[in-house]
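FYI, the numbering just counts along the sequence from 1. Side chains are part of it too, since the values below use all heavy atoms of this structure and drop only hydrogens, waters and symmetry mates.
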Amino acid sequence: MATVLVTGGAGYIGSHTCVALLEAGYQVAVLDSLANSSAAAIEAVGEIAGRRPRLDVADCRDETALDKAMAEVRPDAVLHFAGLKSVPESVADPIRYYRHNLESTAVLMEAMERAGVRRIVFSSSATVYGEPDELPVSETAPTRPANPYGSTKLMIEQMVADVIRADSRWSAALLRYFNPVGAHPSGLIGEDPEGVPGNLMPYLLQVAVGRRPMLPLYGTDYPTPDGTALRDYIHVMDLAEGHLAALESLESSAGQVHTYNLGTGRAASVREVIAAMQEATSHPLPYEEFERRAGDVSELWADPSKARSELGWSATRTLAEMCRDGWIWQSAHPQGYRSRSVP
Ligand code: NAD
Ligand code: UD1
């Protein structure tokens, strides 16, 4: 039975991936600073899977904490989710983003090297593509991130690839996520953003639960069938399962780095998402139309065929399931993980 260290495992995608890993029989240890998450997520992961992962509350930039975790956990591989992920924050404070995301990955990989752990799965993003020339977007499409957050992802991809070029004992999977949404169907874990949600789905869920009066709908004049932007929304459990497939592929890929789009290959407009969420929640979801949001692309969806042919993975869950599962989580936890401590 293999052992994995999951950085950022208390966060949204990391916690769902921990469930999938535990259910597949892995030993799972999480290292998370809890800067953008709660230890309650790890408790909930344990409730779902019947086994609670070990949790080290530590920063990936802390060499001592990493060396200790590597020595005690002795992982076979690392899944690296930890990082800062807000596009507008990265635009306002780029140095913080470059420093945090690049340094945490470099310090982590040095600790892995010291411990002889040379398999890594990295959370990249479809944001590395920027405005695409062609749709759907394949992994060979040009990369031109439109914000510092996206640039940090691309730089980390390059850093990982350079490490593998220098030492063929390393192997890596760079996973470019499209738009992860939804929650584990138990409703015990889900997305719990701090403050005003920056993304569509969590915003809509907060409208549905009564935390916000209406959705601001950004952009109704895109050159799309209904005038709103098109995205590739992917159920977070499909994404979690994609990590398992990528992890397994590392066993036979020493000296290689592979990049995979993790998306469904299907596009949904903002209006379609509002309608699907209205159906799932049986709540009216008022919205107000605004100008386009700066930096948004018109259309972005994946060609996920490489992951299907090389990893044997494809997303299976529908938009209706994404909305249903998101709503199970949000309605059971109107205030996110804070709701768990309320009697
Ligand atoms: P999240 O903020 O919920 O999870 C990240 C976790 O990492 C949090 O628990 C946070 O406390 C922790 N963390 C941050 N910096 C750390 C550090 N230096 N050391 C230790 N822990 C640290 O975010 P998420 O949505 O689960 O995203 C996970 C990863 O996937 C991120 O790297 C993100 O950039 C990437 N990603 C996310 C999306 C998305 O839509 N959510 C899309 C593409 C890529
Ligand atoms: C955003 C990030 C991207 C990240 C992705 C993953 C930006 C510019 N990009 O992408 O880096 O990888 O999330 O989750 O932030 N919308 C509204 N009202 C809202 C929120 C969003 O109308 O309150 C619209 C947006 O204008 C967009 C669509 O909904 O057209 C999807 O937005 P969002 O969920 O933020 O995802 P992305 O913009 O694709």
Side-chain angles (χ1 to χ4, degrees), residues 7-8 11-14 36 60 79-106 108-109 120-165 172-181 193 197-201 218-219 222 224 229-234 239 242-243 246 257-265 267 270 292-304 306-307:
T7 75
Y12 172 45
I13 303 168
N36 194 37
C60 273
L79 286 90
H80 181 37
F81 294 93
L84 302 179
K85 64 160 188 176
S86 160
V87 170
E89 266 179 28
S90 80
V91 172
D93 195 352
I95 293 174
R96 176 166 167 249
Y97 265 67
Y98 284 108
R99 178 153 188 186
H100 187 115
N101 287 352
L102 293 168
E103 187 176 332
S104 47
T105 309
L108 171 68
M109 290 183 80
I120 186 166
V121 177
F122 172 62
S123 301
S124 188
S125 170
T127 199
V128 298
Y129 295 117
E131 182 89 49
D133 296 333
E134 280 177 20
L135 289 162
V137 183
S138 79
E139 291 83 352
T140 54
T143 47
R144 40 187 175 226
N147 52 68
Y149 163 70
S151 298
T152 70
K153 291 293 177 190
L154 192 57
M155 287 179 179
I156 293 169
E157 288 194 4
Q158 288 162 349
M159 180 164 80
V160 172
D162 284 341
V163 169
I164 287 160
R165 261 191 287 278
L174 309 173
L175 305 182
R176 293 178 176 165
Y177 312 157
F178 280 67
N179 289 57
V181 297
N199 300 116
L200 177 62
M201 280 281 200
Y218 299 122
Y222 285 106
T224 59
L230 295 172
R231 294 289 185 277
D232 186 336
Y233 298 94
I234 175 170
L239 194 64
H243 287 75
V257 53
H258 291 289
T259 306
Y260 295 106
N261 282 343
L262 297 186
T264 64
V270 178
R292 296 180 183 192
R293 186 173 65 175
D296 275 354
V297 301
S298 168
E299 304 176 42
L300 190 63
W301 70 87
D303 172 356
K306 186 178 175 201

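Legend: residues meeting side-chain hydrogen bond (donor to acceptor under 3.5 Å, both in side chains) with Asn179, ordered by chain and number and at least two apart, are absent. Looking at residues two or more places apart in sequence or on another chain, you find a salt bridge (charged side-chain N to carboxylate O under 4.0 Å, His left out) between Asp296 and Arg293. In terms of the side-chain contact (heavy atoms from CB on, under 4.5 Å) criterion, residue partners of Leu102 (sequence neighbours excluded) are, by chain and number, Tyr98, Met155, Ile156. His243 pairs by the ring pair (Phe, Tyr, Trp, His ring centres under 6.0 Å) definition with Phe81, Tyr177, not counting sequence neighbours. Residues passing the side-chain hydrogen bond (donor to acceptor under 3.5 Å, both in side chains) test with Asp162 are Arg165, sequence neighbours excluded. Every side-chain contact (heavy atoms from CB on, under 4.5 Å) that Arg292 has, sequence neighbours left out, goes to Asp221, Tyr222, Pro223. Scored by the ring pair (Phe, Tyr, Trp, His ring centres under 6.0 Å) test, Tyr12 finds His16 as partners (sequence neighbours excluded). For the salt bridge (charged side-chain N to carboxylate O under 4.0 Å, His left out) test, no residue two or more places apart in sequence or in another chain qualifies with Glu131. Under the side-chain hydrogen bond (donor to acceptor under 3.5 Å, both in side chains) criterion, Thr152 pairs with Asn101, sequence neighbours left out. For Phe122, the ring pair (Phe, Tyr, Trp, His ring centres under 6.0 Å) partners are His80, not counting sequence neighbours.
Under a 3.5 Å cut-off, the side chain of Thr127 and the backbone N or O of Gly150 do not form any donor-acceptor pair. Between the Asn36 side chain and the Gly11 main chain, no donor and acceptor come within less than 3.5 Å of each other.
Gly263 approaches Pro304 most closely through the heavy-atom pair O-CB, 3.5 Å. Annotation for Asp232 and Ala302: closest pair OD2-N, 3.0 Å, computed over non-hydrogen atoms. Scanning both residues, Leu230 and Ala267, for their nearest heavy atoms gives CB-CB, 4.1 Å. What you find for Leu300 and Pro132 is that their closest heavy atoms are CD1-CG, 3.8 Å.
We find the CG-OG distance between Leu84 and Ser104 to be 7.5 Å, quoted to the nearest 0.5 Å. Remark: His100 NE2 to Cys60 SG distance equals 7.5 Å, nearest 0.5 Å. Between the NE2 atom in His258 and the CD atom in Glu139 there is a gap of 11.5 Å [rounded to 0.5 Å]. From Leu175, atom CG reaches atom CG of Leu262 across 5.0 Å, with rounding to the nearest 0.5 Å.
With contacts defined as side-chain heavy-atom distances shorter than 4.5 Å, the pair Tyr97/Ser86 qualifies. Between Glu89 and Asp93 the shortest side-chain heavy-atom distance does not fall below 4.5 Å. Side-chain contact between Leu108 and Ile120 is present, with at least one heavy-atom pair separated by less than 4.5 Å. No side-chain heavy atom of Arg231 sits under 4.5 Å from any side-chain heavy atom of Phe178.
A ring-ring contact (aromatic ring centres under 6.0 Å, His included) check over residues 128-147, counting only residues at least two apart or in different chains, returns nothing. The stretch residues 142-160 participates, sequence neighbours left out, in these salt bridge (Lys or Arg N to Asp or Glu O under 4.0 Å) pairs: Asp133-Arg144, Glu157-Arg176.
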